[in-house]
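Take a look at the structure below.
Position 1 is the first residue of the sequence, and the numbers go up from there.
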Amino acid sequence: MKKLLASIVPAALALLIGSAPALAAGSYPINKPREQDWSFAGIFGTYDKAQLQRGLKVYVEGCSACHSMNLVAFRTLEELGYSEDQVKSLAANYEVEDGPDADGEMFTRTAVPTDHFPSPFPNKEAAAAANNGAAPPDFSLLAKARYVERGFPQFIFDIFTAYNESGPNYIYSLLTGYQDPPEDHEVAEGTHYNPYFVSSSALAMAPPLFDEMVTYDDGSPETVDQYAHDVAAFLMWAAEPHMEQRKQTGFMVILFLLIFSSLLYLTKKSIFANKD
């Protein structure tokens with residue numbers, strides 16, 4: 001019994017205080033995502049449209065060759081500050097499948113703003129065949145889907161701080177986390193070591209970003225770190241484009257409840273003030 005307690009207690013304490021340097025063997029990610037500063041963090045956080053435009057450019061020029069974004073329509077990009085003509089011009093760079101026509105055949109046509117970002121592959125099997133057997137995930141909801149547990153007691157604080165940045169932190173950490181594997185760690189052929197990957201210690205995708213890959217028009221640094229920040233922020237917007245409105249509505253509801261509760265208290269106090 002003493003030996004059992006001796007093995008359980010330290011592990012339990014490490015879990016409670018969140019001081020464990022890494023997860024247990026076989027658990028992923030090996031390293032927890034690195035927390036970054038985001039403009040949309042917190043109760044009053046908002047999207048940085050300039051950053052979102054840079055992130056869109058990174059996606060279009062560096063990610064869209066492999067990753068689809070099937071739930072995002074071109075027309076929604078107007079929310080990022082683009083004009084209708086600019087959106088039409090961007091959509092015209094893509095082709096989408098449509099039909100059937102009068103003969104019952106499917107056909108391809110130039111995309112229009114009402115279309116969604118198309119997949120670069122006709123199906124998942126073709127996507128997997130072109131990417132070492134692993135089909136690249138769709139990017140539409142990736143920033144919300146890639147949630148990494150923060151453990152106790154952090155998840156309690158997250159309730160009050162409106163923490164919603166786990167996905168972007170994970171995406172940023174993954175994109176900047178490629179490194180040589182430790183000497184005692186074997187990596188399968190055709191995979192790349194990344195201790196921030198949520199499913200394994202290595203993944204089929206090679207490092208997708210490199211310095212000076214995308215040219216920025218606003219003079220921002222053209223580095224892997226900046227690209228990762230920008231595309232992670234853009235994917236957060238893609239997954240939750242109405243986040244700012246949600247936060248504003250939530251704040252107004254809380255403010256209303258506080259005022260309403262105060263009025264109820266004052267009313268009760270006034271009614272029962274002269275009662276024995």
Of all the heavy-atom pairs spanning [X] and [Y], show the shortest one and how long it is.
| X | Y | result |
| --- | --- | --- |
| Gly42 | Glu165 | N-OE2, 4.1 Å |
| Pro168 | Phe40 | CG-CZ, 3.9 Å |
| Ala232 | Trp38 | CB-CH2, 3.7 Å |
| Asn132 | Ala204 | ND2-O, 3.6 Å |
| Ile43 | Lys247 | O-CD, 3.3 Å |
| Thr215 | Lys57 | O-NZ, 2.6 Å |

In Å and rounded to the nearest 0.5 Å, what is the [atom1] to [atom2] distance from [X] to [Y]?
| X | Y | atom1 | atom2 | answer |
| --- | --- | --- | --- | --- |
| Asp98 | Thr108 | CG | OG1 | 9.5 Å |
| Leu141 | Met69 | CG | CE | 10.5 Å |
| Tyr59 | Ser64 | OH | OG | 5.5 Å |
| Leu142 | Met236 | CG | CE | 11.5 Å |

Do you reckon [X] sits in the same ILVMFWY cluster as [Y], going by side-chain contacts under 4.5 Å, direct or chained?
| X | Y | answer |
| --- | --- | --- |
| Val198 | Phe155 | no |
| Leu174 | Phe210 | yes |
| Phe251 | Met243 | no |
| Val253 | Phe260 | yes |
| Ile30 | Leu175 | no |

Would the distance check show the side chain of [X] and the main-chain N or O of [Y] forming a donor-acceptor pair, the cut-off being under 3.5 Å?
| X | Y | result |
| --- | --- | --- |
| Gln226 | Thr223 | no |
| His67 | Pro136 | no |
| Asn169 | Gln36 | yes |
| Thr249 | Gln245 | yes |

*Hey, mind stepping through Val214 and Val60 against side-chain contact (heavy atoms from CB on, under 4.5 Å) and telling me if it holds?*
CA-CA 10 Å; Val214 177; Val60 169; over 6 Å; no
_Output field: ring centroids Tyr178/Tyr193 closer than 6.0 Å_ =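 Not close enough - the centres of the two rings lie 6.0 Å or further apart.
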*asked:* Tell me if the aromatic rings of Phe117 and Phe139 count as close, with their centers under 6.0 Å from one another.
replied: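 Between Phe117 and Phe139, the centre distance exceeds or equals 6.0 Å.
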Tell me, do [X] and [Y] make a side-chain contact under 4.5 Å, heavy atoms counted?
| X | Y | answer |
| --- | --- | --- |
| Ser68 | Pro120 | yes |
| Arg146 | Pro137 | yes |
| Trp237 | Thr76 | yes |
| Glu84 | Pro113 | no |
| Gln53 | Asp218 | no |
| Asp225 | Tyr172 | yes |

*asked:* Quick one, Val187 with Ser201, criterion side-chain contact (heavy atoms from CB on, under 4.5 Å). Give me CA distance, side-chain angles, the key distance, then yes/no.
replied: CA-CA 8 Å; Val187 176; Ser201 60; 5.6 Å; no
With a sphere of 6.0 Å drawn around [atom1] of [X], does it hold more than 12 non-hydrogen atoms of other residues, nucleotides or ligands?
| X | atom1 | answer |
| --- | --- | --- |
| Glu61 | CD | yes |
| Arg75 | CZ | no |
| Glu212 | CD | no |

*Trace of the ring-ring contact (aromatic ring centres under 6.0 Å, His included) decision for Tyr216 with Tyr227*: CA-CA 10 Å; Tyr216 282 153; Tyr227 295 152; 5.5 Å; yes
_Determine whether Ser173 and Asn31 satisfy the following criterion, side-chain contact (heavy atoms from CB on, under 4.5 Å), listing intermediate values before the conclusion._
CA-CA 9 Å; Ser173 299; Asn31 294 343; over 6 Å; no
*Using the ring of Tyr196 (Phe, Tyr or Trp, six-membered ring only), decide whether Arg34 places NZ or CZ under 6.0 Å from its centre and within 45 degrees of its axis.*
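Yes, a cation-pi geometry.
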*Salt bridge check: are Arg109 and Asp115 linked by an N-O gap of less than 4.0 Å?*
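Looking at Asp115 together with Arg109, the answer is yes, because their closest N to O distance falls below 4.0 Å.
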